[in-house]
Amino acid sequence: MSSIAITLPDGSERSLKTGSTAADLAADIGPGLAKAALVATINGEQRDLDVPLADGDSVGLITDSSDDGLEVLRHSTSHVLAQAVLALWPGSTFAIGPAIDDGFYYDFDLPGGQTFTDDDLERIDAKMREIIGADQPFIRGEVPADEGMALFEGHKYKQAIIERVTSPDAALDAEMASEVDAAGTVSFYRNSDDFIDLCRGPHVPSTGRLGHFKLMKVAGAYWRGNEKEPMLQRIYGTAWSNKKELKQHLHRLEEAAKRDHRKLANELDLVSWPNELGPGLAVWHPKGALVRKLMEDYSRDRHEHGGYHFAYTPHIAKAALWETSGHLDFYADGMYPPMELDGATYYPKPMNCPFHVMIYKSDQRSYRDLPLRIFELGTVYRYELSGAIHGLLRSRGFTQDDSHIFATREMLEDELASLLDFVLSVLRAFGFEDFQAKLSTRPPEKAVGDDEIWDMATEGLRAALEKAGLDYIVDEGGGAFYGPKIDVDVKDAIGRAWQLSTIQADFNLPERFELEYVANDGERKRPVMIHRALFGSVERFFGVLLEHYAGAFPVWLAPMQVQVLPVAEAHDAFADTVTARLRGLGYRAETIAATDPLGKRVRAGKSNKIPYVLVVGDDDAANDTVGVNARGQDVERDVSFETFAARLANDVETHA
RNA sequence: GCCCGGGUAGCUCAGUCGGUAGAGCAAUUCACUCGUAAUGAAUAGGUCAGGAGUUCAAUUCUCCUCUCGGGCUCCA
């Protein structure tokens with residue numbers, strides 16, 4: 001047979017000469033595609049373009065306009081990074097280098113424990129561009145494992161990978177999966193006489209296809225992600241199909257940096273982290289505290305109307321409580337150390353749950369009392385690793401909007417459904433519209449509770465998600481040992497996902513604390529507990545809101561809602577009456593007296609992201625009007641006070 | 001906790017190849033009284049994160065500590 005038939009993704013067939021490769025197919029279809037194609041899918045599997053095709057193959061061509069193509073491009077760029085580093089640091093060795101979101105990384109071990117500095121990135125970048133300029137082909141080879149070991153003589157991490165993936169019971173981890181095939185043979189790619197890398201592939205045909213990349217940063221990373229293993233030197237980069245995409249990505253990073261809540265907290269005078277306090281401990285300045293109070297007030301109001309009972313509990317408790325709860329057994333590392341006094345040992349609380357359990361236990365409970373919903377804004381202290389601390393998003397002292405719901409098994413499903421509705425409703429009130437949920441089910445080992453209750457709770461959570469019409473993924477076996485859970489992520493204004501709310505069933509604490517209620521048949525039964533945090537932590541939620549709104553809080557949350565600017569000193573008195581009237585209506589308003597020029601005061605108001613900056617002059621004093629500068633909008637002159645007040649009222653009412 | 005990089009005025013930063021520091025903004029005072037994103041001038045403000053070492057001399061070099069940032073790990 002001198003020709004083969006190939007099926008294309010659209011179902012059409014194409015006839016090619018025997019021995020043709022995927023690259024030939026691309027060329028046959030058109031020169032544009034020949035240039036753009038990076039890899040092929042052959043019968044559903046990604047392969048290099050130089051792979052010969054067989055009669056009857058289904059073949060698709062992947063370009064850099066697809067996610068798959070970008071991934072290949074990034075993976076190939078990581079190889080070029082490795083080649084550059086190995087060339088520049090003789091004696092260095094390399095571990096793994098996968099594609100990741102937006103880019104790639106590669107882990108290295110430099111001789112003599114050397115480390116990269118930021119300056120090294122420039123040298124590496126230059127070397128990489130040299131390699132790309134040389135347009136070296138990526139040539140695949142395959143050898144048995146033992147030959148592979150010889151091929152990577154002196155490269156212990158590569159050898160470890162070969163051993164790992166070719167051992168019969170190799171549990172392939174995801175990171176290594178991109179390195180090799182687990183079929184007793186290993187594949188590698190040769191770019192030049194000096195460089196080969198263990199790799200499953202596929203790769204772009206040659207290094208000349210690459211180039212729109214930027215090395216971003218140097219970081220330490222443990223070999224195999226295990227803190228017991230050696231620390232390797234990781235270089236991160238970003239790579240795109242063209243210059244414009246790369247530029248846009250860098251621009252997005254800049255925009256995200258502008259929204260950094262730590263930067264905004266400083267600029268807007270909301271929160272600070274004095275070194276004197278210690279890592280992960282913040283002080284809330286008046287403006288930040290005001291926003292937080294508004295958030296908390298809103299939360300309390302919703303909970304009050306949602307059938308919750310408020311509670312307050314202490315910040316410390318004796319060791320016995322934490323022994324019963326189990327925290328000292330499995331969470332001691334995360335707890336602040338104990339305080340000894342009066343012959344007893346006290347711990348700061350890392351969680352509120354045991355206290356709410358105490359409230360439950362303070363009385364004999366009937367099924368008629370259930371569900372019992374306890375709510376507290378409870379401040380907890382956790383000893384987070386110093387390197388894990390991140391502004392308000394991860395701190396050592398924070399306030400959970402913590403609810404514990406005690407219910408019977410029979411009530412579980414309805415309760416979970418209404419809880420989820422409640423959570424979503426409150427999140428929407430804060431301007432979040434886009435949600436993604438995760439349902440985590442029973443872990444394969446070590447779980448408490450019988451099958452029946454796990455099923456009931458898991459199905460209850462699933463039903464709640466279905467009923468709410470929420471997108472969700474299932475993390476099989478991802479639940480805690482004490483019960484299944486739902487985590488809710490929200491997407492912010494620039495598309496980043498934040499995990500905020502959680503609803504967790506708990507079969508463990510009711511056992512440990514021997515909780516009971518009297519059922520309608522007089523029997524004593526064990527209730528189920530549900531942990532539910534909505535903001536997660538007030539501090540973290542505040543940080544997320546700050547980034548979501550880029551500091552421009554909606555009117556109902558803005559620490560200062562209106563500034564009134566008299567044009568000149570002659571108008572100070574009228575400005576004061578406008579301010580006083582607004583305050584009388586319950587708004588947060590202030591006059592900025594005419595000591596500075598108007599332009600300067602307008603600018604300051606805008607910089608502080610004040611929702612409304614009003615300017616009042618002669619005309620306004622005469623006609624009881626104001627000049628309205630709404631944040632982000634053009635000036636409106638001669639607006640009557642009443643019209644403006646109605647607009648404010650509407651903004652606050654609708655949370656606009 | 002681990003790897004890398006930082007810490008200079010309230011803020012954003014410059015600077016000193018070792019001779020104890022500078023700008024802009026902010027603050028204060030004075031003048032200007034102004035209809036929409038920075039009026040002008042003057043003044044004040046710093047143990048150059050802290051400690052130790054080397055040196056005639058350290059903010060600068062070295063070491064340690066604290067702390068911040070980026071990652072890793074962790075977040076039952």
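Letters go in sequence order (proteins before strands), and every chain restarts at 1.
Nearer to the 5' terminus of RNA chain B, by closest-nucleotide assignment, is the contact made by A:Gln233 (compared with the other of A:Gln233 and A:Lys485). Both A:Tyr331 and A:Leu232 lie near RNA chain B, and the one whose nearest nucleotide falls closer to the 5' end is A:Leu232.
Atom name C1', nucleotides B:A9 and B:C48: the rounded distance is 10 Å, in whole Å. The P atoms of B:G24 and B:C17 are separated by 23 Å, rounded to the nearest whole Å. Between B:C11 and B:A27, the distance separating the two C1' atoms is 12 Å to the nearest Å. Using atom P as the reference point in both B:U60 and B:A21, the two lie 14 Å apart (nearest Å). A gap of 13 Å separates the P atoms of B:G10 and B:A49, to the nearest Å. Annotation: B:G53 and B:G18 have their C1' atoms spaced 15 Å apart (nearest Å). The P atoms of B:C61 and B:G7 are separated by 10 Å, rounded to the nearest whole Å. Atom name C1', nucleotides B:G70 and B:A76: the rounded distance is 28 Å, in whole Å.
The base of B:G35 does not come close enough to the side chain of A:Asp618 for any donor and acceptor atom to sit less than 3.5 Å apart. A donor-acceptor contact under 3.5 Å links the side chain of A:Tyr222 to the base of B:G1. Donor-acceptor pairing under 3.5 Å, judged by distance alone, is present between the side chain of A:Arg394 and the base of B:C74.
Only one option out of A:Phe116, A:Tyr105, A:Tyr106 pairs with A:Ile235 in a side-chain contact (heavy atoms from CB on, under 4.5 Å); it is A:Phe116. Between A:His531 and the choices A:His404, A:Lys485, A:Gln504, the side chain to side chain donor-acceptor pair (under 3.5 Å) rule is met once, by A:His404.
The side chain of A:Arg603 places no N or O atom within less than 4.0 Å of a non-bridging phosphate oxygen (OP1 or OP2) of B:U39. In this structure, A:His390 does not reach the B:G71 phosphate: none of its side-chain N or O atoms is under 4.0 Å from OP1 or OP2. The phosphate of B:G6 has neither OP1 nor OP2 within less than 4.0 Å of any side-chain N or O from A:Lys217. Between A:Ser386 and B:G1 there is a side-chain N or O to OP1 or OP2 distance below 4.0 Å.
Straight-line distance from the OH atom of A:Tyr236 to the P atom of B:G71: 8 Å, rounded to whole Å. When rounded to the nearest whole Å, the span between CG of A:Leu393 and C1' of B:G69 equals 14 Å. Regarding A:Lys600, its NZ atom lies at a distance of 10 Å from the C1' atom of B:G40, rounded to whole Å. Taking atom CD1 of A:Ile235 as the reference point, atom P of B:C72 lies 15 Å away to the nearest angstrom. Atom CG in A:Asn608 sits roughly 16 Å away from atom P in B:C11 (whole-Å rounding). Spacing between atom CD of A:Glu276 and atom C1' of B:U65 amounts to 16 Å, rounded to whole angstrom units.
Cation-pi geometry between A:Lys438 and A:Tyr472 is not satisfied (NZ or CZ under 6.0 Å from the ring centre, within 45° of the ring normal). With A:Trp240 as the aromatic partner, A:Arg74 meets the cation-pi criteria of under 6.0 angstrom to the ring centre and within 45 degrees of the ring axis. Under the 6.0 Å distance and 45° angle rule, A:Arg540 does not count as a cation-pi partner of A:Trp498. Seen from the ring of A:Phe641, A:Arg581 counts as a face-on cation partner, given the 6.0 Å and 45° thresholds. For the pair A:Lys349 and A:Phe355, the distance from NZ or CZ to the six-membered ring centre is under 6.0 Å and the angle to the ring normal is within 45 degrees. Annotation: cation-pi pair A:Arg512/A:Trp322 absent, no NZ/CZ under 6.0 Å from the ring centroid and within 45° of its normal.
At the heavy-atom level, A:Met335 lies nowhere under 4.0 Å from the strands shown. Here A:Asn629 lies in heavy-atom contact (under 4.0 Å) with a base.
Between A:Asp492 and A:Arg259, no side-chain nitrogen of the basic residue sits less than 4.0 Å from a carboxylate oxygen of the acidic one, so the salt-bridge criterion is not met. A salt bridge links A:Glu636 to A:Arg647: at least one charged side-chain nitrogen sits closer than 4.0 Å to a carboxylate oxygen.
Ring centers of A:Tyr360 and A:Phe406: under 6.0 Å apart, within the cut-off.
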Margin query: Between A:Glu254 and A:Lys258, does the salt bridge (Lys or Arg N to Asp or Glu O under 4.0 Å) criterion hold? Intermediate values first, please.
Written below: CA-CA 6 Å; A:Glu254 274 174 35; A:Lys258 279 185 200 160; 5.6 Å; no
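Between A:Ala219 and A:Tyr236, the shortest heavy-atom contact is CB-CE1, 4.1 Å.
Nearest nucleotide to the A:His327 side chain, out of B:C72, B:A76, B:C4: B:A76.
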Interface polar pairs with nucleotides 12-14 of chain B, N/O, under 3.5 angstrom:
none

Please tabulate, one pair per line, each protein N/O and nucleotide N/O from nucleotides 28-34 of chain B that are separated by under 3.5 Å, including the distance.
residue: B:U33; atom: O2; partner: A:Glu569; partner atom: N; Å: 3.1
residue: B:U33; atom: N3; partner: A:Glu569; partner atom: OE2; Å: 2.9
residue: B:U33; atom: O4; partner: A:Glu569; partner atom: OE2; Å: 2.5

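A donor-acceptor pair shorter than 3.5 Å cannot be found between the side chains of A:Trp223 and A:Asp107.
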Output field dot_bracket for RNA chain B (Watson-Crick or G-U, both distances under 3.5 Å, | for other-strand pairs) contains (((((((..((((.....[..)))).(((((.......))))).....(((((..]....))))))))))))....
